[in-house]
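Here the structure is laid out as structure tokens; the discussion comes afterwards.
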Amino acid sequence: MPTPIISKRAPIYADVPDEKWNDWRWQLSHRLNTAEDIEKVLKLTESERKALQKQDLFRVDVTPYYISLINPEDADDPVRKQIIPVSEEMDAFTSMMEDSLAEDRHSPVPGLVHRYPDRVLMLVTTQCASYCRYCTRSRIVGDPGQTFNRQDFEMQIEYLKRTPQVRDVLLSGGDPLVLAPKILEELLTRLREIPHIEIVRIGSRVPVFMPMRITQELCDMLAKFHPLWLNIHVNHPNEISTELAEACDRMSRAGIPLGNQSVLLAGVNDCVHLQRELVQKLTRIRVRPYYLYQCDLVEGAGHFRTPVAKGIEIIEGLRGHTSGYAVPQFIVDAPGGGGKIPVMPNYMMSMSDHKIIVRNYEGYVTTYEEPAEYKSHDPKTCKFCQNKRSEPGQTGLTGLLDGEQMFIKPQGFDELHNRDGIQHRLKDENKWKPLGIGSGETD
Ligand SMILES: *Cc1c(COP(=O)(O)O)cnc(C)c1O
């Protein structure tokens, strides 16, 4: 016998029959999106009311389930701040961008972002169950007129078929789990027909906004497409309800490994003690904290931004202090398309040719004696070294360490340094050339 769901409901939903409340289609079709609707649940602040009256506001929609998690007495409620717009959303800030991660520039076909060597981000819809105010993709998300069509989808599949280095496809959007079940199943079927795609991942906030969508039927369907991984998006312990716990349990039982990606948000979760409780609660429902993101430089998110140091302070307070499984990687997604960059406290304090000095989470400082003699494995006979596959230009520092390249030059480096005659003189003396194997373009 499944335990009955003890649901927290805002008073206006007290009389909604359970079959309706627990039906995700009912939740979707009863979302709140106007000041008038929302006022039935919460007393709006001036700032919220002003924002909700704006014409060009990024889309607002909140499921009855999610709005019920808000304490209506608290204007600073952490769930409320994620979902109800405030007038600060309209404020511009230095370095603000529409597409801060330059995703559009990395899209060989619409909706497919191929940024990394072996994996792609596939945007399958622009629709979500509710809309996070700090959305990194607010430039496209929420707008039903911008959603991807059949032709885009066919082009995405074609690109994947002819790009064998892609072994990992990350479905996102929008939220893939708001797609009609048949469409989602077709999409997964088509991806699974491509032999080089080894794993499929879904990034979804549906379990948080609308846990009733995670039915046994959906889990059975997803389980046909293993290996399939899923990341949810929880930012605050108040979002971990009985319903979310049960939804996660159903997915875990269907063999789907669960992770969590959260965003560091001022006034929502910028507290090391809160974060410790969050990550510990997540591991209790078998969700492994994966990434904690620094807030992107995206329009509308200015008032949510914290200094990067806040993230470092949080990791300082987690690593060593709690289970390693509970510690996410703190990530700055580099503006301009630089991609995800991990940032963390320093544990390495100094080093010499035979010793390193490191410190632990308690401030205990110790040494690690390096081996006096180290015989490295032989890359010439190592079958993994022989089989390595990499796209030229994407090996990064690994390529430097491997000896494939000797340097990486910033754009314009040669032009700048090719001042009158220098290049010539060096070439004549033949002193410069033999040094560099180089990146191969100019010398
Ligand atoms: C985040 C992201 C991925 C996945 O990155 P992982 O670090 O492997 O989780 C892939 N492509 C794009 C464009 C991304 O933004």
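Numbers here simply count residues along the sequence, with the first being 1. Counting convention: from 1, in listed order, for ligands and their atoms alike. Only this structure's heavy atoms are used, side chains among them; waters, hydrogens and symmetry mates stay out.
Annotation: the span from Leu187 atom CG to Leu179 atom CG amounts to 7.0 Å, rounded to 0.5 Å.
For the residue pair Gln216/Asp220, the side-chain donor-acceptor check at 3.5 Å is satisfied.
The pair Glu103-Arg139 counts as a salt bridge, with a side-chain nitrogen and a carboxylate oxygen less than 4.0 angstrom apart.
Asp168 meets the salt bridge (charged side-chain N to carboxylate O under 4.0 Å, His left out) test with Arg201; sequence neighbours excluded.
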Could you give the side-chain donor-acceptor pairs of residues 302-316 under 3.5 Å, partners two or more places apart or in another chain?
from: Lys310; atom 1: NZ; to: Glu313; atom 2: OE1; distance (Å): 3.2
from: Glu316; atom 1: OE1; to: Arg359; atom 2: NH2; distance (Å): 2.8
from: Glu316; atom 1: OE2; to: Arg359; atom 2: NH1; distance (Å): 2.9

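Applying the side-chain hydrogen bond (donor to acceptor under 3.5 Å, both in side chains) test to every pair with at least one member in residues 322-341, sequence neighbours left out, gives these pairs: Gln280-Thr322.
Contact shell of ligand 1 (protein heavy atoms, cutoff 4.0 Å): Val113, Arg115, Tyr116, Arg119, Leu121, Leu170, Arg201, Tyr290, Tyr291, Lys340.
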